[in-house]
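Following: one structure in structure tokens, then a few remarks.
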Amino acid sequence: MAGNLLEVSGLTVRYGPARALEDVSFTVAGNTAVAVLGVNGAGKSTLARALSGLVPISAGSIRLGGQDLTGKSPARFRRAGIVHLPEGRGVFTSLTVAENLRMGLVVERGDRAAAIERAFSIFPVLGERRRQLAGTLSGGEQQILSLARALMLEPSVVIADEMSLGLAPRMVDLVFESLERARAAGSTVIMVEQFAARALGFADDALILERGSVSWHGASSSAGSELLHRYLGEATV
Ligand code: ATP
């Protein structure tokens with residue numbers, strides 16, 4: 001898709017008197033990937049949540065494909081095609097893997113069984129465990145399940161908030177492969193990561209947040225190590 005898909009302008013979020021985001025503006029073209037970087041407390045999760053309608057914003061606007069979503073409910077954001085993959089797992093622990101995937105399709109038309117089989121072919125780890133209760137999956141497998149469920153909706157924007165946090169390396173690889181697949185299928189991916197290197201390798205563009213404001217925005221390939229050290233420090237590069 002040509003042109004800007006997502007347009008964020010003057011976004012400000014407050015938690016009581018504290019400002020978590022201050023006058024954040026950027027645009028994202030369709031079918032690209034953006035890494036949102038920053039140290040602890042910089043406002044990354046708040047941005048991810050604001051872009052999903054999950055926290056109220058006190059100023060600014062969010063437009064998706066020309067549609068104004070400012071102040072709309074999380075359900076409207078979701079219907080507009082934005083899915084938020086939370087830091088937590090977000091799966092129904094007392095349902096099986098297959099039932100969790102079916103839940104993802106409740107409001108969708110089309111052939112559910114075929115869609116679920118497709119998900120199992122993409123994520124064999126889930127196919128092998130289709131009858132297992134989601135609560136008994138490993139943390140990494142639960143992340144993959146929540147990702148698989150979200151991708152079945154063919155979202156226009158996937159917001160992945162620290163999906164690889166605490167995962168085994170094999171699962172981190174699977175998360176990145178899955179997000180790559182989502183992008184190949186036409187989704188725009190906004191990836192929140194505390195650790196920069198891998199996210200930069202994946203994303204076309206990077207947005208660096210510092211105390212709630214955008215301190216740098218540009219092509220990932222031009223985010224040199226000097227810049228990363230300046231904004232993120234040793235630990236996160
Ligand atoms: P981390 O990498 O540690 O998750 P982050 O960059 O995602 O950090 P946020 O979680 O967005 O940062 O937090 C931004 C600021 O807002 C922090 O100062 C945080 O303490 C504050 N904050 C976040 N959530 C709340 C809340 N529910 N109530 C009050 N303050 C909050």
Side-chain angles (χ1 to χ4, degrees), residues 6 8-28 33-62 69-75 77-78 82-91 139-140 142-143 146-147 150 157-169 171-172 175-176 179 188-203 205-218 220 223 225 227-237:
L6 185 69
V8 176
S9 176
L11 190 65
T12 299
V13 174
R14 295 197 182 93
Y15 296 115
R19 248 174 235 183
L21 288 180
E22 174 74 31
D23 197 18
V24 168
S25 301
F26 60 94
T27 56
V28 181
V34 183
V36 178
L37 309 173
V39 299
N40 279 330
K44 304 180 299 296
S45 290
T46 301
L47 178 62
R49 293 171 63 75
L51 295 181
S52 320
L54 294 169
V55 288
I57 67 174
S58 49
S61 64
I62 300 169
L69 293 175
T70 314
K72 300 287 194 271
S73 67
F77 275 73
R78 204 175 165 92
I82 297 181
V83 304
H84 178 267
L85 301 168
E87 287 178 49
R89 289 154 197 160
V91 300
Q142 292 191 25
Q143 293 273 43
S146 102
L147 179 64
V157 180
V158 178
I159 301 178
D161 190 353
E162 305 233 20
M163 283 214 70
S164 53
L165 201 69
L167 294 186
M171 290 298 176
V172 175
V175 165
F176 273 87
L179 292 174
T188 284
V189 177
I190 298 180
M191 174 183 283
V192 171
E193 274 296 332
Q194 197 183 336
F195 297 97
R198 190 139 188 202
L200 286 171
F202 174 85
D205 292 321
L207 186 80
I208 302 182
L209 289 178
E210 199 178 21
R211 291 189 302 275
S213 297
V214 177
S215 51
W216 192 85
H217 186 198
S220 298
S225 57
L227 178 114
L228 295 177
H229 278 284
R230 172 143 53 98
Y231 290 118
L232 305 177
E234 289 291 338
T236 50
V237 179

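We count ligands from 1, going down the list as the structure has it; atoms in each ligand are counted the same way.
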Point to revise | Val39 versus Lys44, closest heavy-atom pair with distance | key: O-NZ, 3.0 Å

Exercise for review: Measure across Phe77 and Lys72 and return the closest heavy-atom pair with its distance rounded to 0.1 Å.
Suggested key: CE1-O, 3.5 Å

**Study point:** Side-chain donor-acceptor pair present, Glu162, Ser45, cut-off under 3.5 Å
**Key:** no

If you count the atoms of ligand 1 from 1 in the order shown, which ones are under 4.0 Å from a heavy atom of [X]?
X      : value
Val39  : 6 (O)
Lys44  : 1 (P), 2 (O), 5 (P), 6 (O), 7 (O), 8 (O), 11 (O), 12 (O)
Glu162 : 2 (O)
Ser45  : 4 (O), 5 (P), 7 (O), 10 (O), 11 (O)
Thr46  : 9 (P), 11 (O), 13 (O), 14 (C)

**Study point:** ligand 1 contacted by Gly43 (non-hydrogen, < 4.0 Å)
**Key:** yes

Point to revise | Residues Ile82, Leu51; criterion side-chain contact (heavy atoms from CB on, under 4.5 Å); working and verdict | key: CA-CA 8 Å; Ile82 297 181; Leu51 295 181; 5.6 Å; no

Exercise for review: Check side-chain contact (heavy atoms from CB on, under 4.5 Å) between Ser220 and all other residues, then give those that pass, not counting sequence neighbours.
Suggested key: Leu200, Ala203, Ala206

**Study point:** Validation row: Leu207, Val28 side chains within 4.5 angstrom (heavy atoms)
**Key:** no

Review point. Is Ala20 in polar range of ligand 1, meaning some N or O pair under 3.5 Å apart?
Key: no

Check your understanding: Heavy-atom distance to atom 18 (O) of ligand 1: which of Gly38, Ala50, Gly41 wins?
Key -> Gly41

